[in-house]
Engineer: 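The structure follows.
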Amino acid sequence: FFSMMKRLSTLLSKPVVHRIGVIPGDGLGAEVMPWAKAVMQTIDAYAPVSYELIDLEAGLGTYQKHGTAIPDETLNELKKCQGSLFGAAATPSPPPFGYLPPVVEMRTKLGLYANLRPMQSVPIDVLGTRGNVDIVVVRENTECLYVGKEKLATSAGSGKLAIAERHISEKASKAIAKVAFDLAVERSKKRMQPGHVTIVHKANVLRLSEGLFLESCQEVAKNYPDVVVDVTLLDSFMYKSMAHPSEYDVVLSTNTWGNIISNGMSPMVGGLGMVHGINLGDDHVMAEPIHGTPAHLEGKDIANPLAAMRAAAGLAERLSPEYHFGEILERAILEVLKESTHLTRDIGGTASTHQCGEETIRHFKTLLSQQY
Amino acid sequence: AGFNTLMRLGQALPPETLDTCETCDAALFGPVFGPTRSIPGYFAPYVLLKRKLDLYAQLTRCTSLPIVASGFKAGVDVLIVRENLEGFYIQQETLEETAHGRSAIALRRVTEQNSTLVARCAFEQAQRRRKLLTVVHKSNILTVSDGLFRESCFSVAREFPDVTVEEQITEAFICSMIRDPSPYDVIVTPNMFGDFLSEALAALVGGLQYHSQCNVGGRFILVHPIHGTADDIACHTANPASMLRSVGLLLEHLVPEGRELAQRIDRALFGILQDRIVVPYDMGGSSDTVQITDAFLERFEKLV
């Protein structure tokens, strides 16, 4: 009775309702999205925050039905939301010329200029796992090779020729650098050590464009004298980070390398089924698991829901930082990992998506109701 | 050639060096220092050499070291074939002032011609190996340029019906490769991915000190270690393994007896390491460059 009254009073006193777009996408994205939604629904039920979840369409299924992977209605609705959850979209094979994955369009149209991917070690025992990893990859989210500017030409003698443009601007580079350095300062308070930003680049090959990125970041660095900065070539970074991952804190890079770096490092913290990304803009936050839609895992109820669930909690934490929803879900996940009876295949268990998702929600509910 | 040569002679790749190379069948290169800021008149000598000698493919074979060394993956034998002449190597970049600050554009080129050449090289290698080729690319974002690359690879596939060909998007591949590289045989990939994929894989199986790369064209072979100049390592302490194995790699591609010679080099090198005649810095010891080389030569002569 008392717990019911407590819940009722919590529900009645909610001032803010966040509008959240929910875009499952295709394949595994659609399979894990119900668990991301469950996280939001659980928070809504047990904490003093309320969400209006709006189901929206995007992805390959949408492309096949409507001729566009990201319909105007979806974008218009998203513009009215404070945040959104994106699953994953499959790409038509082969992709038609000029096709851009819907998530890229959403990042551009919603002004999501920063892509943050946190990676922390978890107590699991699978191939590639490393301890002592506590890194956030900060990836520029608007330009580089993602601007969709390519051309095809055919010459009589030597066949087809394609040119792609890579755009780097001082403006976007400084904006992302600021996010990285601010994050390093914020983290240094929790980690009790000076912030450390590693700028990863390929300025030896791309002297002007990557050189501009580097210079812009180093310009911003001057405003953060307490943050340690180091600069590493992409190739060097790949092996150094595998050799000594504990030495890294915030890793800053351009759009293309940032994506590859975070995917490459994910095996250290449990793989793609565990890692989420937060796409940040000034008026919108879109969270997603970083995995795609591997066809061979589809339809078998074996997908890991934790990346999508972490995305949801990460979104909730961004929108309402005072409630620490991300930290609370992490505690729930830690409990589930320690139990080790409800883990999906990729993290060493035999449980289904459902079993893992349900158990995590169970722990999350308990922790939330203890807190609120 | 190299940065010091630039300082002394004003060119990183003097014409005499290039002319001499053109009269040879092959060249062995040491690592070259690559400045990260723009230096007027400087062009990376490797890039120039590759272009002038038409070395359209770079092969990096990453195999688990035949000695017990902790932290390295066992059971791996993967060949990465990288497109070597275009991509961003065309070095066409512009920088301009705009109302919102400076803005740069870099052009990345992919041609059917080069993609086909490198694909054919990769398929030929796969035919000689375990007959599995994985095309690694980013055509989900680069639908036109990497679309052309993958299309060229799948076109060439028709000439090699006995090779199984599959494809993976770069970021999915790197995650899979780092987790467990053993299922892969031959990888073919555009220029911009091949460099860091090779280094990441070499690091996984035994360290950069032990791997070399072979740049091939129709009529010339250029071999060099995979590692750079590692300016943070003290003089004369560098492990010469990659240079020694580079010789083996060169001979393997150059002459029929080369394969046997390469194996003998490996037997000598890994023999002295396994028997702990010398222990390089990367394995926790303090044997320097000269000591390791001397021990190697002694063992190699005994094996002849």
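This one's a predicted model, so the numbers in the text were calculated from it and none came from an experiment. Naming: A, B, ... by sequence-line order, numbering from 1 per chain.
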Engineer: Which distance, rounded to the nearest 0.5 Å, do you find between the CZ of B/Arg179 and the OG1 of A/Thr129?
Structural biologist: 6.5 Å
Engineer: Spell out, as yes or no, whether a donor-acceptor pair under 3.5 Å connects the side chain of A/Glu150 to the backbone of B/Thr143.
Structural biologist: yes
Engineer: I need the contact set between residues 108-118 of chain B and chain A: heavy-atom distance under 4.5 Å, sorted by residue number.
Structural biologist: B/Arg108, B/Arg109, B/Val110, B/Thr111, B/Glu112, B/Gln113
Engineer: What is the distance from atom CG of A/Asp235 to atom OG of B/Ser198, rounded to the nearest 0.5 Å?
Structural biologist: 9.0 Å
Engineer: Among B/Ile90, B/Leu107, B/Leu142, which has the most heavy-atom pairs under 4.5 Å with chain A?
Structural biologist: B/Leu142
Engineer: Does A/Asn132 CG have over 12 foreign heavy atoms under 6.0 Å away?
Structural biologist: no
Engineer: Can you tell me how far the OG atom of B/Ser139 sits from the CZ atom of A/Phe97, to the nearest 0.5 Å?
Structural biologist: 10.0 Å
Engineer: Show your working on side-chain contact (heavy atoms from CB on, under 4.5 Å) between B/Asp195 and A/Lys202 and close with a plain yes or no.
Structural biologist: CA-CA 11 Å; B/Asp195 53 0; A/Lys202 264 209 199 185; 3.0 Å; yes
Engineer: Evaluate whether atom CZ of A/Arg130 has more than 12 neighbouring non-hydrogen atoms of other residues, nucleotides or ligands under 6.0 angstrom away.
Structural biologist: yes
Engineer: Dump the intermediate steps for side-chain contact (heavy atoms from CB on, under 4.5 Å) on B/Lys138 and A/Asn259, then the final yes or no.
Structural biologist: CA-CA 11 Å; B/Lys138 227 178 138 32; A/Asn259 185 32; 3.8 Å; yes
Engineer: Kindly compute the distance separating CD1 (B/Ile178) from CG (A/Asn263), expressed to the nearest 0.5 Å.
Structural biologist: 9.5 Å
Engineer: Out of B/Gly87, B/Ser145, B/Gly101, return the one with the most heavy atom pairs under 4.5 angstrom to chain A.
Structural biologist: B/Ser145
Engineer: In terms of heavy-atom proximity below 4.5 Å to chain A, should B/Glu167 be classed as side chain, backbone, both, or neither?
Structural biologist: side chain
Engineer: Counting only heavy atoms closer than 4.5 Å, note whether B/Glu151 contacts chain A via side chain, backbone, both or neither.
Structural biologist: side chain
Engineer: Let me see the working for A/Leu145 and B/Phe88 under side-chain contact (heavy atoms from CB on, under 4.5 Å), right down to the final yes or no.
Structural biologist: CA-CA 12 Å; A/Leu145 284 164; B/Phe88 284 124; 4.0 Å; yes
Engineer: Side chains of B/Glu199 and A/Leu234: does their closest heavy-atom pair fall under 4.5 Å?
Structural biologist: no
Engineer: Below 4.5 Å from any heavy atom of chain A, which atoms of B/Met192 appear? Answer side chain, backbone, both or neither.
Structural biologist: both
Engineer: Could you go through the side-chain contact (heavy atoms from CB on, under 4.5 Å) check for A/Lys171 and B/Thr98 one step at a time?
Structural biologist: CA-CA 10 Å; A/Lys171 186 167 181 233; B/Thr98 75; over 6 Å; no
Engineer: Non-hydrogen atoms of chain A under 4.5 Å away: do they reach the side chain of B/Thr170, the backbone, both or neither?
Structural biologist: side chain
Engineer: Which bit of B/Leu148 is near chain A, if near means a heavy-atom gap under 4.5 Å: side chain, backbone, both or neither?
Structural biologist: side chain
Engineer: Taking B/Glu93 for its side chain and A/Leu208 for its backbone only, find out whether a donor-acceptor pair lies under 3.5 Å.
Structural biologist: yes
